[in-house]
Amino acid sequence: MVKIGILGYGNLGRGVEAAIKKNDDMELVAVYTRRDPSALVINTEGAAVKSTADLDAGTEDIDVLVICGGSATDLPEMTPKYAAMYNVIDSFDTHAKVPVHFANVDKASKSAGKVGIISCGWDPGMFSLNRVYAHAVLPDGKDYTFWGKGVSQGHSDAVRRIEGVSDARQYTVPVPAALEAVRNGSDPVLTTREKHTRECFVVAEEGADLERIENEIKTMPNYFADYDTTVHFISAEEMKANHSGLPHGGSVIYSGESSDSSTPTPNLPARC
C-alpha cells in the first residue's frame with residue numbers, strides 16, 4: 001500500500017484525493033494545509049488533516065507527497081524544499097521556467113536520495129506525452145499544441161494572487177484561424193500571440209484599483225504579457241453562476257513524414 005500525503009486542498013488537492021480513492025493500492029494518510037487544520041474538512045475517512053509545520057521535520061510516515069500548490073509562487077519554493085525530505089510529485093506548469101524548476105528539484109532530490117517528479121499535469125504532462133508519441137512515429141515533422149477553450153487553474157491562481165483580487169477565472173482560447181491553418185496541413189509559423197488569446201473574469205475587492213489590477217494581469221511575465229488578454233470585472237454572484245465549473249480541452253496536432261516513407265502524413269491528431 002502506497003502511503004500518500006497531499007499538500008494543499010484546493011481544486012487540485014481534492015482531485016488528487018478523488019483519484020486516490022479509485023486505486024486500491026494507495027492510501028491517503030494526511031492532507032497538509034497552511035490553514036488552520038481544525039477548520040478543514042476532507043472527504044477521506046480516517047485520513048488526518050495536519051499543518052505544513054508537521055512536514056517540516058521530515059519525519060511524516062508517507063511514501064509520496066503530492067504537492068498541490070500554484071505554479072506562480074508556491075511550487076518553486078515548496079517542491080525543492082520537500083524534495084529534500086520526501087518523494088514528491090507536482091504539476092508545475094510555467095513552461096518557460098521548467099528547466100530551472102527541474103534543476104532545483106533534481107538537486108534536492110538527489111542530495112536526499114529521494115525521487116522528484118515535476119510537471120505532471122495537462123501540459124506539461126499529458127500533452128507532453130502526446131508530443132513524444134507523435135515524434136516517435138513521425139520523426140521528421142512539426143507539432144502544434146492548442147489549449148482550450150478552458151479554464152487554466154494555474155493562471156487563475158496567478159490572478160488571484162494580485163492585491164485587490166478576491167476571485168478570478170482565466171480561460172485560454174485558441175485563435176480559430178491558427179487552428180484551422182494547422183488542421184489544413186499548411187504548417188504555419190505561429191507566434192505565441194497568434195495561437196491563443198486569454199480571457200479573465202475577475203471579482204475585485206471593494207475599493208480596489210481596477211486599472212492597476214488590469215495592468216498587472218496584462219503585463220504579467222510568463223502568464224499574460226505575450227498574449228492578447230481581455231479582463232472582465234464581474235460580481236461574486238456572476239462568478240458563481242457562470243464560472244464555477246472547470247471546463248478544459250485542447251489538441252496536439254502533428255504533421256510530418258514517417259521514417260520509412262517519403263509520403264507526407266499530415267495532421268496526426270492527439271486530442272484530449
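As a basis for the values below, the full set of heavy atoms in this structure was taken, side chains included, without hydrogen atoms, waters or symmetry mates.
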Shortest non-hydrogen separation from Leu65 to Leu55 and the atoms involved:
CD2-CD1, 4.0 Å
Would a single hydrophobic cluster contain both Ile117 and Leu7, if residues Ile, Leu, Val, Met, Phe, Trp and Tyr are joined by side-chain heavy-atom contacts under 4.5 Å?
no
If I compare all heavy atoms of Pro37 with all of Lys50, which pair ends up nearest, and what's the gap?
CG-C, 3.8 Å
Atom NZ of Lys21: over 12 foreign heavy atoms under 6.0 Å
yes
For the residue pair Thr94 and Asn222, confirm or rule out a side-chain donor-acceptor distance under 3.5 Å.
no
Does Lys218 come within less than 4.0 Å of Glu214, counting only side-chain N to carboxylate O?
yes
Starting from the C-alpha separation in whole Å, work towards a yes-or-no answer on side chain to side chain donor-acceptor pair (under 3.5 Å) for Asp36 and Ser38.
CA-CA 5 Å; Asp36 177 3; Ser38 66; 2.8 Å; yes
Contacts under 3.5 angstrom, residues 166-180 side chains, donor-acceptor by atom type, not counting sequence neighbours:
residue: Ser166; atom: OG; partner: Val203; partner atom: O; Å: 3.1
residue: Asp167; atom: OD1; partner: Arg169; partner atom: NH1; Å: 2.8
residue: Arg169; atom: NE; partner: His243; partner atom: O; Å: 3.1
residue: Gln170; atom: NE2; partner: Thr172; partner atom: OG1; Å: 3.3
residue: Tyr171; atom: OH; partner: His243; partner atom: ND1; Å: 2.7
residue: Thr172; atom: OG1; partner: Arg198; partner atom: NH1; Å: 2.6

Tell me the closest heavy-atom pair linking Gly5 and Ile62, and the distance in Å.
N-CG2, 4.0 Å
For Ile20, run the side-chain contact (heavy atoms from CB on, under 4.5 Å) check against Thr44, Val29, Ile6, Val66 and tell me which one passes.
Ile6
Hey, are the side chains of Val137 and Tyr254 touching, using non-hydrogen atoms and a 4.5 Å cut-off?
no
How many angstroms lie between atom CG of Asn104 and atom NE2 of His101, to the nearest 0.5 angstrom?
8.0 Å
Can you list every pair that meets ring pair (Phe, Tyr, Trp, His ring centres under 6.0 Å) and has a residue in residues 12-52, with sequence neighbours left out?
none
Rounded to the nearest 0.5 Å, what separates atom CZ in Arg193 from atom OG1 in Thr229?
7.5 Å
Evaluate the side-chain proximity of Ser109 to Val115: yes if any heavy-atom separation is below 4.5 Å, no if none is.
no
So how far is it from Ser255 OG to Leu138 CG, rounded to the nearest 0.5 Å?
8.5 Å
Using the ring pair (Phe, Tyr, Trp, His ring centres under 6.0 Å) criterion, which residues pair with His196? Sequence neighbours excluded.
Phe146, Trp147
Donor-acceptor pair, Ser251 side chain versus Ile253 backbone, under 3.5 Å?
no
What one should report as the nearest heavy-atom pair of Ser71 and Leu75 is OG-CD1, 3.8 Å
Mutual orientation of the aromatic rings belonging to His232 and Phe201 [parallel < 30°, tilted 30-60°, perpendicular > 60°]:
parallel
At what distance, to the nearest 0.5 angstrom, does CG of Asp63 lie from CD1 of Ile4?
7.0 Å
Apply side-chain contact (heavy atoms from CB on, under 4.5 Å) to residues Asp74 and Arg34 and explain how you reach the verdict.
CA-CA 11 Å; Asp74 292 332; Arg34 291 175 290 191; 3.0 Å; yes
Rounded to the nearest 0.5 angstrom, the CG-CZ distance for Asp143 and Arg131 is 6.0 Å
Spacing of NE2 belonging to His95 relative to OG belonging to Ser128, to within rounding of 0.5 Å:
7.5 Å
Tell me if the NZ atom of Lys97 is crowded by more than 12 foreign heavy atoms within 6.0 Å.
no
Consider only side-chain heavy atoms of I, L, V, M, F, W and Y, link residues closer than 4.5 Å, and tell whether Val16 and Leu40 are in one cluster.
yes
Test side-chain contact (heavy atoms from CB on, under 4.5 Å) on Gln153 and Leu246 and set out the steps.
CA-CA 8 Å; Gln153 296 191 60; Leu246 292 172; 4.0 Å; yes
Report yes if some heavy atom in the side chain of Ser156 is under 4.5 Å from a heavy atom in the side chain of Val151; otherwise report no.
yes
If you look only at pairs with a residue in residues 49-83, which of them pass as a ring pair (Phe, Tyr, Trp, His ring centres under 6.0 Å), with sequence neighbours excluded?
none
Heavy-atom side-chain contact between Lys3 and Asp61 under 4.5 Å
yes
Between Val98 and Met126, is there shared hydrophobic-cluster membership here, with clusters defined by ILVMFWY side-chain heavy atoms closer than 4.5 Å?
no
Heavy-atom check, side chain of Val88 versus side chain of Asp90, under 4.5 Å
no
Provide the closest heavy-atom pair for Ala208 versus Gly164 in the form atom of the first, atom of the second, distance.
CB-O, 3.7 Å
For the residue pair Leu28 and Ala47, what are the closest heavy atoms and their distance?
O-CB, 3.4 Å
Has Asn23 got more than 12 heavy atoms of other residues, nucleotides or ligands less than 6.0 Å from its CG?
yes
Compare all side-chain heavy atoms of Pro124 with those of Phe92 and state whether any distance is below 4.5 angstrom.
no
Test side-chain contact (heavy atoms from CB on, under 4.5 Å) applied to Tyr86 and Lys114, step by step
CA-CA 6 Å; Tyr86 307 97; Lys114 302 295 183 180; 5.7 Å; no
What about Val105 and Val100, same hydrophobic cluster or not, with Ile/Leu/Val/Met/Phe/Trp/Tyr joined at side-chain heavy-atom distances under 4.5 Å?
no
Would you mind listing the cluster partners of Met220? Hydrophobic ones only (ILVMFWY), side-chain contacts under 4.5 Å, chaining allowed.
Val159, Ile162, Val165, Val202, Leu210, Ile213, Ile217, Tyr223, Phe224, Val231, Phe233
State which residues pass salt bridge (Lys or Arg N to Asp or Glu O under 4.0 Å) with Glu216; sequence neighbours excluded, sorted by chain then number.
Arg212
For a 4.5 angstrom cut-off between non-hydrogen side-chain atoms, does Ser119 reach Phe102?
no
Considering only heavy atoms from C-beta outward, does the side chain of Tyr227 approach that of Thr197 to under 4.5 Å?
no
Might you confirm whether atom NZ of Lys142 has over 12 heavy atoms from other residues, nucleotides or ligands at distances under 6.0 Å?
yes
Treat each ILVMFWY residue as a node, draw an edge where side-chain heavy atoms are under 4.5 Å apart, and state whether Met85 and Val64 are in one component.
no
